[in-house]
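Below is one structure; the comments refer to it alone.
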2 protein chains.
Amino acid sequence: MLVPVEKPQSKREGLRRETLALILATAERIFADHGFKGATMQAIADGANLPKANLHYYFPTKQDLYRQVVERIFNIWLDAAESFDTQANPEQALGTYIRKKMEISRSHPYGSKVWANEVIHGAPIIHDYLETTLTEWTDSRIEVIARWASEGLIDPVNPRHLLYMIWSTTQHYADFSHQIATLNNGVPFNDAQWAQATECVTNIILKGIGVKRDAPS
Amino acid sequence: MLVPVEKPQSKREGLRRETLALILATAERIFADHGFKGATMQAIADGANLPKANLHYYFPTKQDLYRQVVERIFNIWLDAAESFDTQANPEQALGTYIRKKMEISRSHPYGSKVWANEVIHGAPIIHDYLETTLTEWTDSRIEVIARWASEGLIDPVNPRHLLYMIWSTTQHYADFSHQIATLNNGVPFNDAQWAQATECVTNIILKGIGVKRDAPS
DNA sequence: CGTCAACCTGACCAATTGGTCAAAAGAATT
DNA sequence: AATTCTTTTGACCAATTGGTCAGGTTGACG
C-alpha cells in the first residue's frame, strides 16, 4: 500500500517532494489541532514558512490538502494489519496488531486525530473510503477472527466488537493524548509508560477473549 | 450533580426554560456535526427556529453556549460513576458502570462527540475541567480499583489503563457512530445490536482483568 | 390601566478567510 | 544565450460570520 520512496530525478524534483512533505506534515498538525474549518490555509502556510499563494499552487483547495492528510493515516493503519495474514495463531496476530496500533498512536498522533475528527463529523470528505476500502478490509479480518472462534482458539466473541475495541482503545492514546497527559501530572507518556500501556491493553484484550496461549512457558 | 428540575414560576419562566433547552439541544447537535469553528450561530438559530439575535440574548457569545454544552455531557458522565460507590464488588460496580456508559453513548451521542472534539483539539475551552474535576474524580476511582487489585478481586492491572479502556471503548460507539453504521450496512444499531455490543464489551473487559465472579450459577 | 422589566428581531458592521491573478524569478533544455 | 516550463509571491476580492444595536413587543405586577 505504501509506495516505496524513489530517488529524485533533479534538483526541482527533490525540492518539490520536500515541500510537499513539509506541507502535509504541517497541515496534519494544524488540522488535528483546529479541525477542518478551524484550520486556516494561512496558518498552515505560516507553519511551513511559505506564502499562502504557494500552498494553493501545490494544493488547489483546502479540501484537496485535507483529503491527502486523511488518506495518509488511513493507509498507515491498513498496513499495520498485515499481521493478520503473516501470523498464524491469534495471540501472535492480535498481539502484533495491537502493539503496532499503539506504536502508530505514538508516532502519528496528529493523523489519528484528523481521522477521528473526520469520522465524528460524519465523514463528509472520506465517506467513500468507509464504504469501499474500509468495508472490504474489515470483512476480510472479521472472517479470520470468526475462523479462530469456530476453531476454539478464542471465545466466540463477535469479531466486529473485538475490532472496535482494539481500534478505540489504541487510538484513544493518540486522540485523547491531551486528557491523558493532564491526568499524568500534565506531562505526556515517557517510554516506560507507553510500554506499560501497550502491555496492559494487549493483556486485557487477549485475556478478555480467552486466547489459548500455546507454549505457556 | 444534576440539579432536580423545579416547577416553572410563571409563563415567562417556563418559556425561558423551554427555549434554553431547545437551544442547548440544537447547539449540541450542530457542534457535534461541525465542530466549534464549523458550527455557526446562524445554523444553530435556524435549527432552533429562532432569529440569530435572539440566540445572543440567551448566550452572549458562541463560546458561552459551547461551554454549557460540554459541561452537560461531562456531568452526565460523572453521575454514571456512582456505581463505584454503591456497588460492593468489582463485577457489579464495573459492569454497571460500563453498561451505563454504553447507554449514554446511545442516548447522548452528540454530547459525547462534542467532548471528543474538544479534547482532541487540546481542550482549549474546558482545560480547567480536566485539571480540577476530572483529575479528582479519576484519582478517587483509581483508589477503588487499586484496592480491588490489592485484595485479589481483580488482576493487578494499572487502574488508569482500565479506566481509559472503558472510556474509549464505550464512547467509541457514540463518537464513531457513523463509521460503525457504515460497517453495519449503512444503518445504525438496533436494540438487539446495542444489547449485544454492551454485553460483548462488558464480558471482554471483565474477563480481561480477571474479575472473581462470586456466585457463579 | 400604567409602568417596568424582560424578551424579541431586522438591519448592520468589522474581521476573517478561501481562493485568484498577473507578474516576477528560477530551473531545465536546446 | 534564448526559450520554455515550473515555481514563487504580493495584492486583491467576494463571501462568510460573530456580534451589536436601536426600537418594538409582551408579560408581570401594583
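Proteins come first, then strands; the chains are lettered A, B, ... in the order of their sequence lines, and each starts at number 1.
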Where along residues 44-60 of chain B does a heavy atom come under 4.0 Å from DNA chain D, residue by residue in number order?
B:Lys52, B:Ala53, B:His56
Here the pair of heavy atoms bringing A:Ala32 nearest to A:Tyr110 is CB-O, 3.5 Å
Go through the side-chain N and O atoms of A:Ser177 and A:Lys113 and say whether any donor and acceptor fall under 3.5 Å apart.
yes
Looking only at the aromatic ring of each residue, does the gap between the centers of A:Trp167 and A:Trp77 stay below 6.0 angstrom?
no
Rounded to whole Å, the CD-P distance (B:Gln42 to D:dG18) equals 9 Å
Considering only heavy atoms, which members of residues 18-38 of chain A lie under 4.0 Å from some atom of DNA chain D?
A:Lys37
Give the rounded distance in Å between these two atoms: CD of A:Glu13 and C1' of D:dC5.
14 Å
Nearest whole angstrom, please: distance from the P of D:dT25 to the CG of B:Leu15.
18 Å
Using a 4.0 Å heavy-atom cut-off across all strands, classify B:Ala39 as base, sugar-phosphate, or nothing.
sugar-phosphate
Specify the closest pair of heavy atoms between A:Arg16 and A:Tyr58, including all atoms of both residues, with the distance to one decimal.
NH1-CE2, 3.6 Å
Whether the side chain of B:Thr132 engages the backbone of B:Asp128 through a donor-acceptor N/O pair (distance < 3.5 Å, no angle test) should be reported.
yes
Would you tell me if any nitrogen or oxygen in the side chain of A:Arg16 comes within less than 4.0 Å of OP1 or OP2 on D:dT7?
yes
Please step through side chain to side chain donor-acceptor pair (under 3.5 Å) for the pair B:Asp46 and B:Gln42, ending with a clear verdict.
CA-CA 6 Å; B:Asp46 290 347; B:Gln42 188 63 62; 3.1 Å; yes
Specify the separation, in whole Å, of atom CE of A:Met41 and atom P of D:dT9.
15 Å
Flag the pair B:His178 / A:His127 as yes when their ring centroid distance falls below 6.0 Å, and as no otherwise.
yes
To the nearest 0.5 Å, tell me how far B:Ile204 CD1 sits from B:Met165 CE.
9.5 Å
